Amino acid sequence: MAEHHVQSPLPGTFYRKPSPDAPNYAEVGQRVEPGSVIGLVEVMKQFSEVQAECAGTLRAFLVEDGELIEPGQELATIDGDA
Amino acid sequence: MLKKLLVANRGEIAVRIIRAARALGIPTVAACSEADADSLAARQADEVRIIGPARADRSYLNAEALLQAARDSGADSIHPGYGFLSENAAFAEAVSAAGLIFVGPDARTIRRMGDKAEARRTAMVAGVPVVPGSPGELKDIEAALRCAEDVGYPLLIKASAGGGGRGIRIAHDAEELRREFPIAQREAQAAFGSGAVYLERFIRQARHIEVQILGDGERVVHLFERECSLQRRRQKVFEEAPSAALNPAQREALCASAVRLAESLGYRGAGTLEYLFDSHSGEFFFIEMNTRIQVEHPVSEMITGVDLVQAMLRIAGGEPLALRQEDIRLNGAALEMRINAEDPARNFFPCPGVVESLGWPQGDGVRVDSHLYPGYRVPPYYDSLLAKIIVHGRDREEAFARAERALEETQLSGMATTLSLHRWLLAEPRVRAAQFDTGTLETWLAERAAALEV
């Protein structure tokens, strides 16, 4: 079982939910597929989705909701199926 | 006169406000987030107060932190700039309650003009035209047909509970209205849980034209209009003053209506009244008022020679307006190009980065408002505006020639910017001929993208 790191190519602010009142996109322990949205990165008032790149189980988030991130920073880990 | 000014903003407008205060001999305090501790505003202000972390909701939107910074530094006044808390009535109220001066109109005026329906009523009472529409919900097609005679075709059938462009159908004549009205009601019911619909005139190819005003609570003057039709995603990209679409009689009527509305409010400070202008019929319609300084204010300063931010500070300090309307002359033409940290080749994706080399244009009729310096790291947490390049000429043609020269002289590396978009816009015959409306730029960009893909 391979461990995958989800990274952000962008600097900005990481969010786990689409809006302050909404539920999180994804929770630890949840199944994800390639393309599953697990969060958002806001850079200069524009939002980009953060997606899982492989199928597996979301093991952990490495940054908090609302935390500032740098390019290349690891945001989450996924236990891949393959 | 104000004794000490807290600048509750960042970026180029913070630098702009500090410059105006300095010209009047008012000491300044830059309120900065941690991410802006090394900003140009922080370097230029007499004092710096860190008001919180990078996130705007914990710094520039944190009213209590701003008030604390004002108290700690002994400032007697706060300039909110644009965006952030500049049109937040509760903040203006809190500033006054703390015994400080809010540089802008009072909270009551901000609240009144911030409410769209209330602003529309205020305009109608002042005799300022608004987009014709039904006074409220229309129950049935007979009522809609009667109302349509007053509103005029083509018209839009809009869901009362809709918004953001959803729940809208168009009718070009009575027959189409008969057909579309019941569909609109059913759709509104399905989409928004309410079948209530109303009518509004559809203004094809509208231009966005706005009037700059200054008031001291008793008297109001205008500083002519700005044309801001070149927009992308409702964000202004390129502005000019005056508008090339108005004849002198239209200009006079438009500016007089803005003064009338602002005088009916007893307006105090700098403000902008936005209108839609129908160049086919020559009609203009008030849409909303911005009760603050605007990004594109320099084009008005260039054609009138009036420093709007200094005027705001003087008015806030209790001085009456020094200008009479007849003192304000429309001189030549001015253009503003917004340089953003966005990549036009990648659908304007934001590109924060470090300024590697920097050279601004110089010479007659050229002005640059910017917070950049060589080595500055543009933070990713705020908007992407890097600089405004503003030019003035005796006429529109000279302004365009100066704009081309200014862009040639501009050197900015380290990140992708919208400089290339402006080079293209200046060379575009339809821009030169002022043939555009609020939808034009997006159409051109889509055409260009399609042409590049072929």
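Hydrogens, waters and symmetry mates play no part in the numbers below; they use all other heavy atoms, side chains included. This one's a predicted model, so the numbers in the text were calculated from it and none came from an experiment. Just so it is clear: chains get the letters A, B, ... in the order the sequence lines come, proteins before strands, and each one is counted from 1.
The 12-atom threshold is exceeded at CZ of B:Arg43, counting heavy atoms of other residues, nucleotides or ligands nearer than 6.0 Å. A 6.0 Å sphere centred on CD of A:Glu64 holds no more than 12 heavy atoms belonging to other residues, nucleotides or ligands.
Residues of residues 43-55 of chain A lying within less than 4.5 angstrom of chain B, judged on heavy atoms, are A:Val43, A:Met44, A:Lys45, A:Gln46, A:Ser48 in numerical order.
Taking CG of A:Leu68 as the reference point, atom OH of B:Tyr381 lies at 4.5 Å (rounded to 0.5 Å).
Looking at B:Ala56, neither its backbone nor its side chain comes within 4.5 Å of chain A, counting heavy atoms on both sides. Looking at B:Pro53, neither its backbone nor its side chain comes within 4.5 Å of chain A, counting heavy atoms on both sides.
When all heavy atoms are compared, the tightest approach of B:Arg55 to A:Asp65 is NH1-O, 4.4 Å.
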